[in-house]
There are 2 protein chains.
Amino acid sequence: MDKIIEKFKALSDETRLRITNLFIKSGKNLCVCELMDALQLPQYSVSKALGVLKSAGFFSTEKEGTWIYYKMNKGNAEIKAIISFLKGYLISEVFSEDEKRLEKRIALRSNDKCVVGIIPEKELLRLIKEKTDG
Amino acid sequence: MDKIIEKFKALSDETRLRITNLFIKSGKNLCVCELMDALQLPQYSVSKALGVLKSAGFFSTEKEGTWIYYKMNKGNAEIKAIISFLKGYLISEVFSEDEKRLEKRIALRSNDKCVVGIIPEKELLRLIKEKTDG
DNA sequence: CAAATATATGCCAATATTAGCATATAACAA
DNA sequence: TTGTTATATGCTAATATTGGCATATATTTG
């Protein structure tokens with residue numbers, strides 16, 4: 001019982017649900033700095049939220065240099081069931097704004113890997129503009 | 001988003017999950033005093049837990065005299081989806097003990113309605129024994 | 001080696017949740 | 001009306017959670 005309670009508790013927080021939404025909607029493995037920009041939240045806030053979700057069993061991590069990529073544990077049946085439930089009910093303006101920002105951030109990847117890091121918002125917007133304008 | 005967070009929060013508590021389990025497993029409408037005996041928890045504790053679940057949308061109530069029967073809102077699609085997910089994952093010794101006690105308590109109904117009320121455990125055990133021994 | 005950078009974590013104050021008791025409410029019974 | 005009973009709720013202390021800052025860790029680069 002404690003396991004399932006821990007999972008529900010993990011999902012009953014706005015930041016953690018927004019993070020979960022981004023993984024479900026994008027289907028991608030994501031690093032902390034990409035999530036920071038999509039959610040517009042500080043690094044410690046994203047890291048802590050990911051820590052809670054990971055220890056509840058939703059995510060595992062893969063290291064690539066100084067980057068750490070989080071991925072959903074779709075292998076686990078319980079997680080899979082929760083995800084497929086969530087898919088139908090993650091509907092909110094907040095979520096879709098996050099998704100839009102993530103999409104732009106992901107577009108800055110090289111070989112499908114993040115090469116941006118933690119940068120001021122102004123610089124991020126410049127990079128995105130550059131990409132768009134060509 | 002707030003709605004779904006409220007639902008997860010409602011389910012991330014042992015008492016509230018045990019209550020939800022009893023409704024799912026028994027398929028019955030239940031009153032507070034039946035739940036008290038099945039869960040072996042004080043009245044205020046059961047009432048408060050039901051209040052949280054109700055305001056999260058899981059339950060509605062029907063009054064019958066001084067008794068109030070709670071029933072799951074199976075009409076709501078979101079609730080239905082959560083219930084069908086839960087069915088597969090409500091597995092624990094605690095749950096099955098609750099279910100056993102509820103079964104005995106339900107057996108004391110007349111015309112499928114509770115006629116027991118709030119009584120000391122000793123007396124409850126006597127009623128159950130009486131019923132069993134014939 | 002030192003510097004830089006992505007991520008994690010320890011600490012603390014602010015805030016939210018819980019558990020327990022006492023009491024309130026509402027319906028019935030006499 | 002008064003008493004009884006099933007249920008709800010207000011209050012408070014104890015406990016848990018959160019948000020923010022500062023700092024730690026680990027890896028890469030030079």
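The figures here come from the full heavy-atom set of this structure, side chains too, leaving out hydrogens, waters and symmetry mates.
Environment of CD in B/E64: crowded, with over 12 heavy atoms of neighbouring residues, nucleotides or ligands closer than 6.0 Å.
Between the NZ atom of A/K71 and the NZ atom of A/K54 there is a distance of 11.5 Å, given to the nearest 0.5 Å.
Atom CD in A/Q43 sits roughly 15 Å away from atom P in D/dA26 (whole-Å rounding). Atom CD1 of B/I68 is separated from atom P of C/dC28 by 12 Å (rounded to the nearest Å). Distance CD (A/E34) to C1' (C/dT7): 14 Å, rounded to an integer number of Å. In this structure, CE of A/M36 is placed 16 Å from P of D/dG19, rounded to the nearest angstrom. Rounded to an integer number of Å, the gap from A/K54 NZ to C/dA8 C1' is 10 Å. Residue A/R18 contributes atom CZ, which lies 15 Å from atom P of D/dT18 at whole-angstrom precision. Across the protein-nucleic acid pair, B/D37 atom CG and D/dT7 atom P stand 11 Å apart, rounded to whole Å. In this structure, A/K63 atom NZ and C/dA6 atom P are separated by 14 Å, rounded to whole Å.
Closest to the A/W67 side chain, of the nucleotides D/dA6, C/dA6, C/dA8, is C/dA6. The side chain of A/T66 sits closest to D/dA26 out of C/dA19, D/dA26, D/dG20. Distance from the side chain of A/Y70 is smallest to C/dT7 among D/dT5, D/dT7, C/dT7. With distances taken from any side-chain atom of B/S47 to the nucleotides C/dT9, C/dT18, D/dT9, the minimum falls on D/dT9. Of the candidates D/dG19, C/dA19, C/dT7, D/dG19 carries the atom nearest the A/K48 side chain, counting heavy atoms from C-beta on. Of the listed nucleotides (C/dA8, D/dT7, C/dT18), D/dT7 has the atom at the smallest distance from the side chain of B/V32.
At least one test fails for B/K28 against the ring of B/Y69: distance under 6.0 Å to the centre or angle within 45° of the axis.
Between A/F23 and A/F58, a ring centre-to-centre spacing not shorter than 6.0 Å is recorded. The aromatic ring centres of B/F8 and A/F8 sit less than 6.0 Å apart.
For A/S45 and B/C33, each mapped to the nucleotide of DNA chain D holding its nearest heavy atom, the one lying further toward the 5' end belongs to B/C33.
At a threshold of 4.0 angstrom between heavy atoms, the contacts of A/I118 include nucleobase atoms, whether or not backbone atoms are also involved. Looking at heavy-atom distances under 4.0 Å, A/K9 makes contact with sugar-phosphate atoms alone, never a base.
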